[in-house]
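One-based numbering, in listed order, for ligands and for the atoms of each. Numbers here simply count residues along the sequence, with the first being 1.
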Amino acid sequence: MKEIIDAISRAAVRIKREIEFGDTSYSDHINKTGDTQLKLDIASDLIIEEEFKKIPCVKAIISEEKETAQTLNKDGKYIIGYDPLDGSSLIDVNLAVGSIFAIYEKEVNAKSIVAAIYVVYGPRTEMVVAKDDVRLYRLNESGEFKEIKTIKLNQKGKLNATGATQKGWSAYHKKLIEDIFADGYRLRYSGGMVPDLHQILLKGGGLFSYPATTDTPNGKLRLLFEVFPFAFVFEKAGGAAIDGKKRLLELKASHIHDTSPCFFGSNEEIDRVLNEYAKH
Ligand code: AHM
Ligand code: MG
């Protein structure tokens, strides 16, 4: 696992440099999800692929930016699902973006995740590693990630990050979100899953939701590279992660680009979602 964390650290330093000084324009490629890729999406994907190719324990990689899984070393133990540059539509407005990694042992399903790691490229570059617990690291002047602290969610938070187009929300989702605001929660939503969830984790709790909508009945966020790794992080930090009714880490993906509605948060907010969604 150390080899993987070191490879991600090296990739993060290179991607941070690309974000700061690289070409931020669009390419002429469209990825599997139908998004036109930025040159930075492609560059970040290649950097990560290069770094994983250097370590023999990685059997295969599954990237949001690639159509199919790619085998790197058939004797390797781990399969890594990753989103190389999540939130890249925020690059032009200079908001924080991130990279997300799920480390699967032997096979790719929620039950075989052994670690989840994400990197936030903001005013500072930070890496969060979830294994038995969840730890925050920060990039220092020498280009090394130094441990800062363990992240633990409170039972209840104050933030409400509400994803997806509101006109596509169900009536009961709308009511749930309005009730949460009526109880004094504050809206925090940048449109970057990594910084939005990082904020909830570091401020002690709250709720992030990306529900089913009329135009995206299976939600938007992808199971293998976005939903499963963050579900793992939230559970290890003492919170919870559900699709509305079930634990996200019990879902099965039948295709590598499958999506799911998702809710991540501290326990009280997730119970609130479960109670409301159970009625429908
Ligand atoms: P991306 O992987 O194409 O960048 O899309 C994922 C992003 C997430 O970071 C974020 O939570 C979500 O899309 C925002 O979507 P919306 O603008 O529909 O709320
Ligand atoms: Mg993404």
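- Ligand 1 places these atoms under 4.0 Å from at least one heavy atom of E226: 2 (O), 6 (C).
- Of the listed options K220, M193, E65, K220 places a heavy atom closest to atom 13 (O) of ligand 1.
- Protein heavy atom nearest atom 19 (O) of ligand 1, with residue, atom name and distance: Y189 OH, 2.5 Å.
- Under 3.5 Å, the side chains of S63 and D45 contain a donor-acceptor pair of N or O atoms.
- Judged by distance alone, the side chains of N218 and T259 never bring a donor and an acceptor atom under 3.5 Å apart.
- Looking at every heavy atom in both residues, V227 comes nearest to C262 through CG2-SG, 4.1 Å.
- With hydrogens and angles ignored, the 3.5 Å screen pairs no side-chain donor or acceptor of T165 with any backbone N or O of K167.
- Closest protein heavy atom to atom 10 (C) of ligand 1: G191 O, 3.3 Å.
- Between Y82 and F52, the ring planes lie perpendicular to each other; the angle is over 60°, past the 30° to 60° tilted range.
- Every atom of ligand 1 with a heavy atom of S88 under 4.0 Å away is listed here by number and element: 4 (O).
- Applying the 4.0 Å criterion to heavy atoms of A164 picks out, from ligand 1, the atoms 19 (O).
- Distances below 4.0 Å separate heavy atoms of D83 from the following atoms of ligand 1: 2 (O).
- Close approach to F208 involves these atoms of ligand 1, each under 4.0 Å from a residue heavy atom: 11 (O).
- The protein non-hydrogen atom at the shortest distance from atom 4 (O) of ligand 1 is G87 N, 2.7 Å.
- The aromatic rings of Y277 and F263 sit perpendicular to each other, their planes meeting at more than 60°, with 30° as the lower class boundary.
- Within 6.0 Å of atom CG in N94, 12 or fewer heavy atoms from other residues, nucleotides or ligands are found, so the atom counts as exposed in its surroundings.
- Remark: the backbone N or O of R272 is not paired with any side-chain donor or acceptor of N275 at under 3.5 angstrom.
- Within D83, the N, O or S atom lying nearest to the Mg ion (ligand 2) carries the name OD2.
- The structure places NZ of K39 at 4.0 Å from CG of D23, a figure rounded to the nearest 0.5 Å.
- Scanning all protein heavy atoms for the shortest distance to atom 3 (O) of ligand 1 gives D35 OD2, 3.3 Å.
- With the Mg ion (ligand 2) at the apex, E226 OE2 and D86 OD1 define an angle of roughly 90° (rounded to 10 degrees).
- Within the listing of ligand 1, atoms 9 (O) sit less than 4.0 angstrom from a heavy atom of G192.
- Annotation: atom 6 (C) of ligand 1 to nearest protein heavy atom, D86 OD1, 3.4 Å.
- Of all atoms in ligand 1, listed by their number and element, those nearer than 4.0 Å to a heavy atom of Y210 are 15 (O), 16 (P), 18 (O), 19 (O).
- Hydrophobic clustering (side-chain heavy atoms under 4.5 Å, transitive across Ile, Leu, Val, Met, Phe, Trp, Tyr) groups M1 together with F145.
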